[in-house]
Amino acid sequence: MAIRLAISASLAVSGVIHAYLYVNGYRDIPTIGPGFLGQAIVFCVLALLILAGGPDWLRWVAGVLSAGALVAFALSRTVGLFGFAERGWNPSPQAAVSAIAEVLTVVFVAASVLSSRTKPPRP
């Protein structure tokens, strides 16, 4: 239960931050705005489903999507993403908090996978 709670919390943090940023200016950025809204919705729904005890494959989805969000974040700060680029950790503190939440999601999912491999199968 603790690992489900941790994954759900880190997903929800990222989702809420992306919803906040969407409402506060990012909605006007072509492609990026709808992407932020989509991420906000998907991450919050996944957080609820995982917390409610959804199937284990949802954790994998959470890990893959969080890793993808980190790649998109890195691209937006280096070569740009769909013509959009930012510098450093702006907007602050949302960029840093979101990146930390996504890293934590990946770590928690990895811990969940490793933990399930060490447990004996249920009868």
Side-chain angles (χ1 to χ4, degrees):
M1 177 64 176
I3 197 75
R4 272 191 293 146
L5 181 60
I7 293 169
S8 294
S10 59
L11 277 173
V13 166
S14 179
V16 168
I17 288 171
H18 281 82
Y20 172 84
L21 291 173
Y22 174 80
V23 169
N24 290 286
Y26 280 63
R27 69 174 160 234
D28 299 325
I29 303 169
T31 308
I32 299 299
F36 269 54
L37 179 60
Q39 181 174 340
I41 292 167
V42 170
F43 277 36
C44 288
V45 168
L46 265 176
L48 290 172
L49 290 172
I50 290 170
L51 185 62
D56 288 346
W57 61 265
L58 288 176
R59 296 178 198 180
W60 280 95
V61 171
V64 169
L65 291 178
S66 292
L70 289 167
V71 169
F73 179 83
L75 289 172
S76 75
R77 267 111 182 109
T78 54
V79 297
L81 185 64
F82 302 113
F84 176 77
E86 287 190 304
R87 296 279 179 242
W89 292 98
N90 290 317
S92 182
Q94 293 90 350
V97 174
S98 181
I100 291 167
E102 290 151 7
V103 166
L104 286 174
T105 300
V106 172
V107 168
F108 294 147
V109 168
S112 171
V113 169
L114 292 174
S115 170
S116 68
R117 288 185 180 195
T118 60
K119 291 180 185 175
R122 292 187 224 176

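Ile100 and Phe43 fall within a single hydrophobic cluster, where Ile, Leu, Val, Met, Phe, Trp and Tyr side chains are chained together by heavy-atom contacts under 4.5 Å. Connection of Val16 to Ile50 is not established within any shared hydrophobic cluster, with ILVMFWY side chains joined at heavy-atom distances below 4.5 Å, either directly or through further cluster members. Val13 and Val103 end up in different hydrophobic clusters when Ile, Leu, Val, Met, Phe, Trp and Tyr side chains are linked at under 4.5 Å. Placement of Leu21 and Val71 within a single hydrophobic cluster is found when ILVMFWY residues are connected by side-chain heavy-atom separations under 4.5 Å, directly or transitively. Under the 4.5 Å side-chain heavy-atom criterion for grouping Ile, Leu, Val, Met, Phe, Trp and Tyr, Val45 is connected to Tyr20 within one hydrophobic cluster.
By the 30° and 60° cut-offs, the orientation of the rings of Phe84 relative to Tyr26 is perpendicular.
One finds the CG atom of Asp56 at 9.0 Å from the CZ atom of Arg4 (value rounded to the nearest 0.5 Å). Remark: Ser115 OG to Phe108 CZ distance equals 13.5 Å, nearest 0.5 Å.
Closest of all the heavy-atom pairs between Leu11 and Ala62 is CD1-CB, 3.6 Å. Considering all non-hydrogen atoms of both residues, Ala47 and Ser8 come closest at O-OG, 2.9 Å. Nearest heavy-atom pair, Ala40 versus Ala19, reported as atom, atom and distance to 0.1 Å: CB-N, 3.5 Å. Nearest heavy-atom pair across Leu70 and Ala99 is CD2-O, 3.7 Å. When every heavy atom of Arg59 is checked against every heavy atom of Val109, the shortest pair comes out as O-CG2, 3.2 Å. Closest approach of Ala12 to Cys44, counting heavy atoms only: O-SG, 4.4 Å.
Ser10 places a side-chain N or O within 3.5 Å of a backbone atom of Ala6 that can act as its donor or acceptor partner. With hydrogens and angles ignored, the 3.5 Å screen pairs no side-chain donor or acceptor of Ser98 with any backbone N or O of Ala95.
Scanning for ring pair (Phe, Tyr, Trp, His ring centres under 6.0 Å) contacts around Tyr22 gives an empty result, with sequence neighbours left out.
Residues Thr105 and Ser14 fail the side-chain proximity criterion, which asks for heavy atoms closer than 4.5 Å.
Trp89 belongs to a hydrophobic cluster whose remaining members, ordered by chain and number, are Phe73; membership requires side-chain heavy atoms of ILVMFWY residues under 4.5 Å apart, directly or through intermediates.
Within the structure, salt bridge (charged side-chain N to carboxylate O under 4.0 Å, His left out) contacts touching residues 69-90 (residues at least two apart or in different chains) are Arg77-Glu86.
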